[in-house]
**Student:** 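Right, I'll just put the structure down here and ask away after.
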Amino acid sequence: MFFFFLNVGLEIKENILYGNLSSIKKASFPVIGSIGGVIVPAIIFFNFQF
């Protein structure tokens, strides 16, 4: 697991510095999608708990 997340982190860093995510305009859609991917399941979970 350590090597997997290390590899993912290094690839994300490379894309932020030199690749497709180097500008704010290009990076905004993946960032919004990842935030939504965390928040939406949490909202669904809390709706079923209460």
Side-chain angles (χ1 to χ4, degrees):
M1 290 292 285
F2 167 77
F3 292 112
F4 172 76
F5 286 109
L6 177 66
N7 189 27
V8 169
L10 290 174
E11 287 195 22
I12 290 172
K13 180 181 176 183
E14 180 183 356
N15 275 322
I16 289 173
L17 293 178
Y18 308 112
N20 293 333
L21 303 177
S22 59
S23 72
I24 298 295
K25 188 174 183 179
K26 288 181 182 178
S28 63
F29 185 70
V31 168
I32 292 170
S34 63
I35 291 171
V38 171
I39 292 175
V40 171
I43 290 171
I44 293 171
F45 174 77
F46 284 120
N47 282 337
F48 282 115
Q49 291 300 314
F50 300 110

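Just so it is clear, the structure is predicted and the values come from calculations on it, not from any experiment.
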**Student:** Supply the members, apart from Ile39, of the Ile/Leu/Val/Met/Phe/Trp/Tyr cluster built from side-chain contacts under 4.5 Å; use none for a lone residue.
**Tutor:** Val31, Ile35, Ile43
**Student:** Any chance you could pull the hydrophobic cluster mates of Ile44, using side-chain heavy atoms under 4.5 angstrom and chaining through other members?
**Tutor:**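 In the cluster with Ile44 are Val40, Phe48.
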**Student:** Output all residues satisfying side chain to side chain contact (heavy atoms under 4.5 Å, CB included) with Leu6, sequence neighbours left out; order by chain, then residue number.
**Tutor:** Phe2, Leu10
**Student:** List the residues meeting side chain to side chain contact (heavy atoms under 4.5 Å, CB included) with Val8, not counting sequence neighbours, and say none if there are none.
**Tutor:**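 If we apply the side chain to side chain contact (heavy atoms under 4.5 Å, CB included) test to Val8, skipping adjacent residues, the hits are Phe4, Ile12.
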**Student:** For residues Gly36 and Pro41, report the shortest heavy-atom separation together with the two atoms involved.
**Tutor:** O-CD, 3.8 Å
**Student:** Could you list the donor-acceptor pairs under 3.5 angstrom formed by side chains in residues 13-25, with sequence neighbours left out?
**Tutor:**
from  : atom 1 : to    : atom 2 : distance (Å)
Asn15 : ND2    : Glu11 : O      : 3.4
Ser22 : OG     : Gly19 : O      : 3.0
Ser23 : OG     : Lys26 : N      : 3.3

